[in-house]
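Take a look at the following structure, please.
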Amino acid sequence: MRKNKTHDLSLPGVDPSVYLSDNYVVLDFEVYVGDGHFGSSLDPRNHLALACYSNMATGGMRSHWGGEFDQADLCRAVEKADFIVGHNLKYEYGWLRRCGVDISRLIGFDTQIAEYVLLGNLAAGDPEHGVPRTSISLDACCIRRGLASKDPIVDIWIKNGISVADMPRAWVEGRCKQDVKSTQLLFKLQREALRRSGRVHLLYTRCLLTPVLATIETTGVHLDAERVRETTASYRGRLAELESEFAALTGGINFRSPKQVAEYIYDTLGFEEPKGRDGAPKRTPGGNRIANKRVFDSLKAKTEDQRRFLEIKRDIGHVSSALSKNLDYFQEICDERNSIFHAQLNQTVTATHRLSSTGIPEVSEKSVQLTNIPRAFKRLFNARRDGWLIGEVDGAQLEYRVAAFLGNDPRARDDISDPAFDIHILAGAEATRRPYEECYAAYKRGEEWAIALRQWAKIRTFRPLYGGSSGTPDEQRWFAAFKERYSVLADKQKDWVYEVLEHKELRTPWGLRFYFPTARLSSTGYCNVGNAVYNYPIQSLATAEIIPIAIIHFWHRVRASKFEDFIIPVNTIHDSLVCEVHPDYVEQFRDICRLSFGHDVGSYLARVYNLHFDVPLGAGIKIGTHWGSGEETKYEYSKAES
DNA sequence: TCAAGATGCGCG
DNA sequence: AAAGCGCGCATCTTGA
């Protein structure tokens, strides 16, 4: 690997011990809400109204009524502090950015994220297994600790959309100052709790990501209006055709109604309900007959009516959901918002601490979040400036590699390091009882059957990693082969389950703790939360620690190189980062991707997490005119190279 | 009439 | 008895 001076990355501080300093500023803002929502800094109709902040270095509470261009004292205070403290700091970062502060240099301690880290997976809860969500609102955090709660009157006003402009100033100011005081007390208790339980570095890393997300949210994503127009028109035409065909065939049932569809297929068409091994029909949790895609794929048509119905039903569901969930919104955005839309990236929602996303209604009430856009529609996104490109980097087979590391499985390690090993080919080969070499060679020669086999296997390959065991005989053959091949990993996962059954808690090697208060073992040896226990550590280390660490380093490397006007992150989905890239900065983009998703992750995990991640990491990079276009280049990184 | 629950389907 | 995990949004159904 060639030497690159960007190795001496200067992250702001890069040390969680910064939180031990007493030079910090606690802050809370009130906003004039003009968008009818929550006063996000993204919306130009919203304006900063009041800033209250407590400066620990100088002492005393300050408050200042003023807009985002009238907060010079606040800006100076936060820039001089070692870190800032607030509840849901992404909001404050967004406003500080509008105030003109360089938020990349501001370290945060977010008390909402701190509570989320302390709670492990309990903030998300697990209603399916009888664990309710735990609120991490400032009020809830304070009440749990016996601290003062919010002024209920002002709280009700704000929750009901009353503008700050219409409330008595003294009341608003009183509430804002109270929130700052509560936040500071909460911070001190959380800092101690995190320190005692060895989780400060987790909070620190989450908080380093926050300004990156605030910036991505502000930037938004850009649609190719011409492609959106063509695609929407074609989908609408197709839906109209399918609707009339469907109506003619069924006599006018509503294809969106699972109830009507179930009646039609089981009563009118006479399909048999799918049955479990015991012979009883499989039903929805509510006891209704199932009418979903899985069932339709398993039904075998015997009559012409049945065959046509299955065909049309499959297409109509796909086309109508594409329109109502994506294309209608995209069209609005192209027509009325210059083809750019925004969404939130949430840090405190999921059980495994990966991000989630929420759409933002911009024209009608519709919204689209950024993590479940159909792959077929990635091609509708391009860069907002002519001639620019879209670059996407993802962690190659990240969860597989993380599993190999956590399980310390020698076979998995060897497989990952072997350039002639393809796990999807192995899955296909095992399932169909063919020799691996034959399938691999045919795949490499580009033979169609081998490509199809690999495609078939791909969606099943890692099911056994998360406890999957049921399926067709072919599938089950692979699942068994997987568990046998990676038996060391499988045993480690069983150990996790034993630990959970004994302690109702799982302590991960990097410090995050998961809690399973309702864990129990049935008389048949089945653990009610077993599959979650198999999954959480792997999903979490991969997509809640490693990818955020990579993204943080990516962002700071771009800024340290002064490329921030040429390489602009616009989205992240679990294991990937999407950027708009100036055509002259493609090589720089590749270099920064390789370093941040490889070297930086390893060195940060060792230094800050005391975790020596010794399975090689890889990155896949695609660059093209539209999202998802262009040939993928794969990079492998191992410590030996550095 | 409206909110909450159930269901289906998109992504990693 | 059977059983991959994690999410958010649109639509229909249910129940007050």
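Numbered from 1 within each chain, the chains take letters A, B, ... in sequence-line order. Everything numeric here is computed off the predicted structure, so don't read it as measured data.
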Practice item. Check whether any side-chain N or O of A/S321 sits under 4.0 Å from OP1 or OP2 of C/dC9, and answer yes or no. Key: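 For C/dC9, neither OP1 nor OP2 has a side-chain N or O of A/S321 closer than 4.0 Å.
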Review point. In whole Å, what is the span from the OH atom of A/Y329 to the P atom of C/dG8?
Key: 16 Å
Exercise for review: Tell me whether the OP1 or OP2 atom of B/dG8 has a side-chain N or O from A/H318 closer than 4.0 Å.
Suggested key: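 Indeed not, no polar side-chain atom of A/H318 lies that close.
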Check your understanding: Which residue, A/F462 or A/G125, contacts DNA chain C at a nucleotide closer to its 5' end, judged by nearest heavy atom?
Key ->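 It is A/F462, whose closest nucleotide lies nearer the 5' terminus.
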Practice item. Check the distance between C/dC5's P and A/Q493's CD and give it to me in whole angstrom. Key: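 Rounded to the whole Å, the gap is 13 Å.
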Review point. For C/dC7, does OP1 or OP2 lie under 4.0 Å from any side-chain N or O of A/T350?
Key: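 Checking A/T350 against C/dC7: no side-chain N or O falls below 4.0 Å of OP1 or OP2.
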Review point. When we call it a touch if two heavy atoms are under 4.0 Å apart, what does A/V349 touch: a base, just sugar-phosphate, or nothing?
Key: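 It contacts sugar-phosphate atoms only.
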Exercise for review: Go through B/dG12, C/dG4, C/dC7 for me and flag the one nearest to the A/R375 side chain.
Suggested key: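 Taking heavy atoms from C-beta onward, the closest nucleotide is B/dG12.
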Point to revise | Proximal nucleotide (of C/dG8, B/dG8, C/dA3) relative to the A/Y526 side chain | key: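 Nearest listed nucleotide: C/dA3.
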**Study point:** A/I538 CD1 - C/dC5 P separation (whole Å)
**Key:**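 My rounded result for the distance is 13 Å.
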Review point. Picking from B/dG12, C/dG6, C/dG8, which would you name as closest to the side chain of A/K325?
Key: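 The nucleotide sitting nearest to the side chain is C/dG8.
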**Study point:** Atom-to-atom span, CD of A/Q369 to P of B/dC9 - whole angstrom
**Key:**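 Whole-Å distance recorded here is 17 Å.
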Review point. Any side-chain heavy atom of A/W478 sitting closer than 4.5 Å to one from A/T461?
Key: yes
Practice item. Respond yes when some side-chain nitrogen or oxygen of A/T543 is under 4.0 Å from OP1 or OP2 of B/dG12, and no when none is. Key: no
Exercise for review: Would you mind classifying the nucleic acid contact of A/R354 as base, sugar-phosphate or nothing, using non-hydrogen atoms under 4.0 angstrom?
Suggested key: base
Review point. Atom CZ of A/R133 and atom C1' of C/dG6: how far apart are they, to the nearest Å?
Key: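 One finds 12 Å between C1' of C/dG6 and CZ of A/R133, rounded.
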Review point. Would a line drawn from the ring center of A/F271 to the ring center of A/Y266 be shorter than 6.0 Å?
Key: no
Practice item. Report yes if a side-chain nitrogen or oxygen of A/Y536 is closer than 4.0 Å to either non-bridging phosphate oxygen (OP1 or OP2) of C/dC5; otherwise report no. Key: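 Checking A/Y536 against C/dC5: no side-chain N or O falls below 4.0 Å of OP1 or OP2.
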Review point. Side chains of A/N382 and A/H222: do they bring a donor and an acceptor to under 3.5 Å?
Key: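 Yes, because at least one side-chain N or O of A/N382 sits under 3.5 Å from a partner of the opposite role on A/H222.
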Review point. Quick one: the side chain of A/N372 and the base of B/dG10, do they pair up donor-acceptor inside 3.5 Å?
Key: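 Counting by modelled atom types and ignoring angles, a donor-acceptor contact under 3.5 Å is found here.
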Review point. Any side-chain donor-acceptor pair under 3.5 Å between A/H342 and A/E362?
Key: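 Yes - a donor-acceptor pair under 3.5 Å links their side chains.
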Exercise for review: Answer yes or no: does a side-chain N or O of A/N254 lie under 4.0 Å from OP1 or OP2 of C/dC12?
Suggested key: yes
Practice item. May I ask you to say what A/S367 touches in the nucleic acid, namely base, sugar-phosphate or nothing, with a heavy-atom cut-off under 4.0 Å? Key: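 A/S367: backbone/sugar contact only, no base atoms under 4.0 Å.
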Review point. Quick one: is A/T352 getting a side-chain N or O under 4.0 Å of the C/dC5 phosphate, OP1 or OP2?
Key: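 Looking at the OP1 and OP2 atoms of C/dC5, neither is under 4.0 Å from any side-chain N or O of A/T352.
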Point to revise | Any side-chain donor near an acceptor of the partner, A/Y466 and A/Q539, under 3.5 Å | key: no
Check your understanding: Given C/dG8, B/dG12, C/dG4, which nucleotide is nearest the side-chain atoms of A/H574?
Key -> B/dG12
Exercise for review: Specify the separation, in whole Å, of atom CD1 of A/I459 and atom P of B/dG10.
Suggested key: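 After rounding, the reported distance stands at 13 Å.
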**Study point:** Geometric cation-pi criterion, A/R454 with A/W456: 6.0 Å, 45°
**Key:** no
Check your understanding: Can you tell me how far C1' of B/dC11 sits from CD1 of A/I573, to the nearest Å?
Key ->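 Result: 7 Å.
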Study note, to complete from the structure: A/T358 has its side chain closest, among C/dC9, C/dT11, C/dT13, to C/dC9
Exercise for review: Name the nucleic acid region contacted by A/G530, choosing base, sugar-phosphate or nothing; use a 4.0 angstrom heavy-atom cut-off, strictly under.
Suggested key: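 If one applies the 4.0 Å heavy-atom cut-off, A/G530 turns out to touch nothing in the nucleic acid.
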Point to revise | Touch class at under 4.0 angstrom, heavy-atom based, for A/A291 against every strand present | key: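 The residue A/A291 makes sugar-phosphate contact but no base contact.
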Point to revise | Out of B/dG12, C/dT13, C/dG8, whichever nucleotide has its closest atom nearest the side chain of A/S257 | key: C/dT13
Point to revise | Closest listed nucleotide, where the reference is the side chain of A/K259 and the choices are C/dG4, C/dA10, C/dT14 | key: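 Nearest to the side-chain atoms of A/K259, counting from C-beta on, is C/dT14.
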Point to revise | Mate of C/dG6 where both pairing distances stay under 3.5 Å, Watson-Crick or G-U | key: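 Here C/dG6 is engaged in a pair, and the nucleotide opposite it is B/dC11.
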Check your understanding: How close or far is atom C1' of B/dG8 from atom NZ of A/K313, stated in whole angstroms?
Key -> 8 Å
Practice item. Decide if the gap between the ring center of A/Y536 and the ring center of A/F516 is smaller than 6.0 angstrom. Key: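 Yes; A/F516 has its ring centre under 6.0 Å from that of A/Y536.
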Check your understanding: Picking from C/dG6, C/dG4, B/dG12, which would you name as closest to the side chain of A/N531?
Key -> C/dG4
Review point. Contact class for A/D394 (heavy atom, under 4.0 Å): base, sugar-phosphate, or nothing?
Key: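 Here A/D394 touches no strand at all.
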